[in-house]
Amino acid sequence: MRILEIITPSRLGGAERYVGWISRELINRGHDVLIGIRKCDQVEDFYRSLDIPMRELRISGKLNPFVKSRTVSLINEFVPDVVHTHLSTASHWGLAAAKQLNVFGVGHMHSFNTVAPYKSASSMIAVSNAVKEHLAEHGISASVVYPSSVIGDVSPSPDVAALGTVIACAARLREDKGIGVLVEAFSSLGRNDVALVLCGDGPMKEQIEQRAATDRLNMHCLGYRPDVPSVFAASTIAVLPSIRPEGYGMALYEAQAVGTPVVGTRAGGSVEAMVDGVTGIAVPPNDVGALAAAMSKLLDDSVYREDIAANCKTFAEKRSISASVDALVSVFESSTRR
């Protein structure tokens, strides 16, 4: 099968990594894959490291009248069986161009986007049942394919391991990610023997650092880390405290993949990226007390924590890249048989 992946990245995030990993797996299985990509050096370097063919596609926005013709030209040149689009701008142009050429266009919704860019899709994929329900509310049916990461053998990050007992969070430092709630919950623990490690950048970084200094909190802003699984492997628990609904919550998956118990919020698809009471604890979003209680439970009850940790890798193995690609190919094949 010939598959044209189209993506319009602005940074190397979860969706961008996922496209690289599924493309590599599809190529390994004998499929022909080309990624049409809006220029983004960081993402292109990542795809080159995976040895995936790419073609730069000048997509500057949803209003540029020349973009559709460029996309049509790429489809005509590559002659794919399926055009598979990621992120809203890529889906707006890629699916419209595929429909014009009578090529099957599969839109992949990674978060709670507006549905307008996906109206031309032959089929839709949602990263969680929560996103599937979002599409259904707008009259669009979708198949659920859970995303995944390629983790491999991971050694604990030495700088994080040196901190001792660690709560780790990998997310943009913004209010909608629940970072303020997490800081308040951590502060309420009153535990200087526990460190809170934040991986990521964002507008709250200076505020958090000032709070840590003023209140003498054992908090550490590490900035962007390309080795997040290693950070999780060195941590006692991992937390994704999102307030705004997540499409899925890849950070929760990556923590579990290295055997680290998680605390997540019941915000969109996050709760689908874990098993409440089995691989971690799910709490209501924007609830400082519930978040603090869940963290305390996992920190203080070592027997419970070890039982939870033993389940994490088993859960993650069932959500592997191989399993994700199996589900994707099933959607592609059902689309092309129509």
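All values reported here derive from a predicted model rather than from experimental measurement.
The shortest non-hydrogen separation linking Ala171 to Ile179 is CB-CD1, 4.4 Å.
Pairs engaging residues 134-160 under the salt bridge (charged side-chain N to carboxylate O under 4.0 Å, His left out) rule: Asp159-Arg225 [sequence neighbours left out]. The stretch residues 3-12 participates, sequence neighbours left out, in these side-chain hydrogen bond (donor to acceptor under 3.5 Å, both in side chains) pairs: Glu5-His84, Glu5-His86. Pairs engaging residues 236-246 under the side-chain hydrogen bond (donor to acceptor under 3.5 Å, both in side chains) rule: Asp176-Arg244, Lys177-Glu246, Ser242-Glu246 [sequence neighbours left out].
Under the 4.5 Å side-chain heavy-atom criterion for ILVMFWY residues, no single connected hydrophobic cluster contains both Ile35 and Leu57.
Here CG of Leu198 is found 10.0 Å from CD1 of Ile167. Values are rounded to the nearest 0.5 Å. Taking OG from Ser270 and CG from Leu252, the interatomic distance works out to 5.5 Å, rounded to the nearest 0.5 Å. Here CG of Asp45 is found 9.5 Å from CG of Leu12. Values are rounded to the nearest 0.5 Å.
Side chains of Pro147 and Met250 form a contact here, defined as non-hydrogen atoms less than 4.5 Å apart. At least one side-chain heavy atom of Phe186 sits less than 4.5 Å from a side-chain heavy atom of Val194. Residues Tyr248 and Arg319 form a side-chain contact, since some pair of their non-hydrogen atoms from C-beta on lies under 4.5 Å apart. The side-chain heavy atoms of Trp21 and Leu50, taken from C-beta on, include a pair separated by under 4.5 Å. In this structure, Leu74 and Leu34 have side chains that are in contact, with non-hydrogen atoms separated by less than 4.5 Å. When side chains are defined from C-beta on, His134 counts as touching Met109, because their heavy atoms get closer than 4.5 Å. For the pair Ile27 and Pro53, the minimum side-chain heavy-atom distance is below 4.5 Å. By the 4.5 Å heavy-atom criterion applied to side chains, Asp32 and Met1 are not counted as neighbours.
With sequence neighbours left out, the salt bridge (Lys or Arg N to Asp or Glu O under 4.0 Å) criterion links Glu77 to Arg55. Residues satisfying the salt bridge (Lys or Arg N to Asp or Glu O under 4.0 Å) test with Glu272, not counting sequence neighbours, are none. Listed by chain and number, the residues in a ring-ring contact (aromatic ring centres under 6.0 Å, His included) with Tyr47 amount to none (sequence neighbours excluded). Arg17 is linked by a salt bridge (Lys or Arg N to Asp or Glu O under 4.0 Å) to nothing, counting only residues two or more places apart in sequence or in another chain. The salt bridge (Lys or Arg N to Asp or Glu O under 4.0 Å) check on Lys205 picks up Asp201, with sequence neighbours excluded.
A side chain to side chain donor-acceptor pair (under 3.5 Å) with Tyr18 holds for exactly one of Ser324, Ser148, Ser149; it is Ser324. Here the options are Val79, Val83, Asp81, Val33, the test is side chain to side chain contact (heavy atoms under 4.5 Å, CB included), and the partner is Leu4; only Val83 passes.
Phe315 belongs to a hydrophobic cluster with Val275, Val278, counting contacts under 4.5 Å between side-chain heavy atoms of Ile, Leu, Val, Met, Phe, Trp and Tyr, direct or through other members. Through chains of ILVMFWY side-chain contacts below 4.5 Å, Val197 is grouped with Val160, Leu163, Val166, Leu222, Val231.
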Kindly list each side-chain donor-acceptor pair under 3.5 angstrom involving residues 93-101, sequence neighbours excluded, with atom names and distances?
{"residue": "Trp93", "atom": "NE1", "partner": "Gly61", "partner atom": "O", "Å": "2.6"}
{"residue": "Gln100", "atom": "OE1", "partner": "Lys68", "partner atom": "NZ", "Å": "3.1"}

Expected list for residues 283-296: side-chain donor-acceptor pairs under 3.5 angstrom, two or more places apart:
{"residue": "Asp287", "atom": "OD1", "partner": "Gly289", "partner atom": "N", "Å": "3.3"}
{"residue": "Asp287", "atom": "OD1", "partner": "Ala290", "partner atom": "N", "Å": "2.9"}
{"residue": "Ser296", "atom": "OG", "partner": "Ala292", "partner atom": "O", "Å": "3.1"}

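Under the 3.5 Å distance criterion, with hydrogens and angles disregarded, no donor-acceptor pair is assigned to the side chains of Ser230 and Ser157.
One finds no salt bridge joining Arg305 and Asp300 here, because no Lys/Arg side-chain nitrogen approaches an Asp/Glu carboxylate oxygen to under 4.0 Å. The pair Glu25-Arg29 counts as a salt bridge, with a side-chain nitrogen and a carboxylate oxygen less than 4.0 angstrom apart.
A distance of 6.0 Å or more separates the ring centres of Tyr118 and His92.
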